[in-house]
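Hydrogens, waters and symmetry mates play no part in the numbers below; they use all other heavy atoms, side chains included. Atoms within each ligand, like the ligands themselves, are counted from 1 in listed order. The model shown is predicted, which means the values in this text are computed figures rather than measured ones.
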Amino acid sequence: MTVNKGALAILVHGGTENWSPQRWKSRFDGVCPDRSVLLAPDTSFDPAEVHYAAVWKPRPGELAAFPNLRVIFNLGAGVDALMADRSLPDVPLVRVAVTDLTARMTEYVVLHVLMHHRQELYLRQSQREKRWAPKLQWAAGAISVGVMGLGALGADAAGVLKRLGFRVAGWSRSAKTIDGIDCFHGEPQFDAFLRRTDILVCLLPLTPETRHVLNRALFEKLNRKSPLGAPVLINAGRGALQNEADILQCLDDGTLGAASLDVYATEPLPVDSPFWTHPKVVLTPHNAADTDTDEISKYVAQQITRFEAGGALENVVDRGRGY
Ligand code: NDP
Ligand code: OXD
């Protein structure tokens, strides 16, 4: 088949029915009406005609099949799966940063911070036992929330938590100034950030530096005098950020009071994982920010239009940093 404009190839693996390659094709057919959109692999297409790829967890080596690729669009925010592909073509890699995704992640973070702050695990258990036993409820201002990662997601969640009255700190790689948030950065300021934290929210990308950062040594540095009794972990970044054996041991020995987890070392979470039934774990199936797919396809189409008109791409991943 001959095409006038460079074709867009879709390479999507995993995900829900709404994320099926066929659904992505019909969305992109809708927003790129004058461009060929193909589901790779498609032998009726010359791979040389493909200029753009829209991908989610493509298999290592799959993208190297397109010699004239100009831009890779990751259909999510995290690019760790792509960074692991040693044959990834050396073209700009764009990730998703749209308000819909950010708003949904902020909902998740606020929901889980409030759940632990308002002692919901205890209250639901009391309800099941028909036990009228209110406990002292402290104010939001008594709780320090520490957000690891102050990027598109972390900064927004931190701002909303601040407006709810929590004391909020954030930790990032580079120095930041955000109104109302105590900003820490880099290794030298990490321990001070952890020491004041009662609820730790992790919204870091997975990179060689951050792999297994959520481990016992870190949990032991969190505020031991927390009004919550023991500090709480909320991880919606990536599963490989956490040492899962350490989380379980720390929940059992009281180093951690509870954990909300959206991401896991192995996904889907295996049925025999102790997380499923642990009384101190609130788990969700990697859906903290299940973004509106129409927003994503529009975002990609707009970027292609701007790029072909000579404009700059937005949210290009820094390959050196890995995010
Ligand atoms: P950004 O790239 O906008 O922000 C990343 C933040 O992490 C930045 O503040 C960055 O610091 C900081 N950071 C990175 N490496 C380090 C490090 N070594 N030490 C300290 N800070 C570091 O990403 P987003 O906010 O858009 O997304 C974050 C992650 O959330 C994604 O990579 C993805 O894994 C996950 N995610 C999960 C979803 C879910 O449904 N569970 C949905 C969407 C995303 P600096 O600002 O200095 O660069
Ligand atoms: C993402 C995700 O990275 O959903 O966008 O995990």
Residue pair Phe193, Asp182: steps toward the side-chain contact (heavy atoms from CB on, under 4.5 Å) verdict: CA-CA 9 Å; Phe193 163 79; Asp182 294 319; over 6 Å; no
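- Close N/O approach between Met105 and ligand 1 is not found [any backbone or side-chain N/O within under 3.5 Å].
- By the 3.5 Å distance cut-off applied to N or O atoms, His286 is counted among the residues near ligand 2.
- Remark: of the listed residues Leu200, Val281, Leu222, Leu222 is the sole one forming a side-chain contact (heavy atoms from CB on, under 4.5 Å) with Leu256.
- For atom 19 (N) of ligand 1, the closest non-hydrogen atom of the protein is Trp171 CH2, 3.3 Å.
- The protein atom (non-hydrogen) at minimum distance from atom 28 (C) of ligand 1 is Leu203 O, 3.3 Å.
- Note on Ile178: it does not cluster hydrophobically with Phe184, by side-chain heavy-atom contacts below 4.5 Å among ILVMFWY residues.
- Of the protein's non-hydrogen atoms, Arg173 N, 3.2 Å is the one closest to atom 11 (O) of ligand 1.
- Not close to ligand 2: Trp19, with no non-hydrogen atom less than 4.0 angstrom away.
- At least one heavy atom of Leu204 sits closer than 4.0 Å to an atom of ligand 1.
- When only interatomic distances are considered, the shortest N/O to N/O separation between Gly76 and ligand 2 does not fall below 3.5 Å.
- For ligand 2, the atoms closer than 4.0 angstrom to any heavy atom of Trp56 are 1 (C), 2 (C), 3 (O).
- The pair Glu308-Arg35 meets the salt-bridge criterion, with a side-chain N (NZ, NE, NH1 or NH2) lying under 4.0 Å from an Asp/Glu carboxylate O.
- In this structure a side-chain-to-backbone donor-acceptor pair under 3.5 Å is present from Lys25 to Val37.
- Counting the atoms of ligand 1 from 1 in the order shown, those under 4.0 Å from a heavy atom of Glu209 are 18 (N).
- A donor and an acceptor atom, one from each side chain of Glu295 and Tyr299, are nowhere located under 3.5 Å apart.
- Between the side chains of Arg27 and Thr293, at least one donor-acceptor pair of N or O atoms lies under 3.5 Å.
- Atom 41 (N) of ligand 1 has its nearest heavy-atom neighbour, among Asn287, Asp156, Asp262, in Asp262.
- Below 30°, between 30° and 60°, or above 60°: for His117 and Phe166 the angle between ring planes is above 60°, a perpendicular geometry.
- Not one N or O of Thr210 is nearer than 3.5 Å to an N or O of ligand 1, by distance alone.
- Residue Ala97 places every heavy atom at 4.0 Å or more from ligand 1.
- Ligand-side atoms of ligand 1 in range of Leu150: 6 (C), 8 (C), 9 (O), range being under 4.0 angstrom from any heavy atom.
- In the vicinity of Arg238, heavy-atom distances shorter than 4.0 Å reach the ligand 2 atoms 1 (C), 2 (C), 3 (O), 6 (O).
- For atom 8 (C) of ligand 1, the nearest non-hydrogen atom of the protein is Gly151 N, 3.7 Å.
- Ligand 1 has Arg95 within reach: a non-hydrogen atom of the residue lies less than 4.0 Å from it.
- Using a 4.0 Å heavy-atom cutoff, Gly237 is listed among the residues neighbouring ligand 1.
- Interface of His286 with ligand 1, defined as ligand atoms under 4.0 Å from a residue heavy atom, comprises 39 (C), 40 (O), 41 (N).
- Ligand 1 has no N or O atom lying under 3.5 Å from any N or O atom of Ala77, backbone or side chain.
- In summary, the side chains of Asn18 and Thr16 do not present any donor paired with an acceptor at a separation below 3.5 Å, with no hydrogens or angles considered.
- Taking the charged nitrogens against the carboxylate oxygens, Arg321 and Glu209 have no contact shorter than 4.0 Å, which rules out a salt bridge.
- Regarding atom 25 (O) of ligand 1, its nearest protein heavy-atom neighbour is Leu153 N, 2.9 Å.
- Within the structure, the closest approach of Lys176 to ligand 1 falls below 4.0 Å when heavy atoms are considered.
- With atom 5 (C) of ligand 1 as the reference point, the heavy atom nearest to it among Ala288, Ala236, Pro205 is part of Pro205.
- Looking at atom 40 (O) of ligand 1, its nearest protein heavy atom turns out to be Ala289 N, 3.3 Å.
- Between the side chains of Thr284 and Asp262, a donor-acceptor pair is found at a separation under 3.5 Å.
- Of the possible donor and acceptor atoms, none in the side chain of Arg167 sits under 3.5 Å from a partner among the backbone N and O of Thr197.
- For atom 48 (O) of ligand 1, the closest heavy atom belonging to the protein is Tyr323 OH, 2.5 Å.
- Of the protein's heavy atoms, Gly78 CA, 3.9 Å lies nearest to atom 31 (C) of ligand 1.
- Using a 4.0 Å cut-off between a side-chain N of Lys or Arg and a carboxylate O of Asp or Glu, Asp100 and Lys298 do not qualify as a salt bridge.
- Not a single donor-acceptor pair under 3.5 Å links the side chain of Asp29 to the backbone N or O of Cys32.
- For the ligand labelled ligand 1, residue Thr207 lies outside the 4.0 Å heavy-atom shell.
- Between Arg104 and Glu107, none of the side-chain N atoms (NZ, or NE/NH1/NH2) sits under 4.0 Å from a carboxylate O, so this pair counts as no salt bridge.
- With respect to atom 5 (O) of ligand 2, the closest heavy atom belonging to the protein is Ala77 N, 2.7 Å.
- Using a 4.5 Å cut-off between side-chain heavy atoms of Ile, Leu, Val, Met, Phe, Trp and Tyr, with links allowed through other members, Val113 and Leu111 fall into different hydrophobic clusters.
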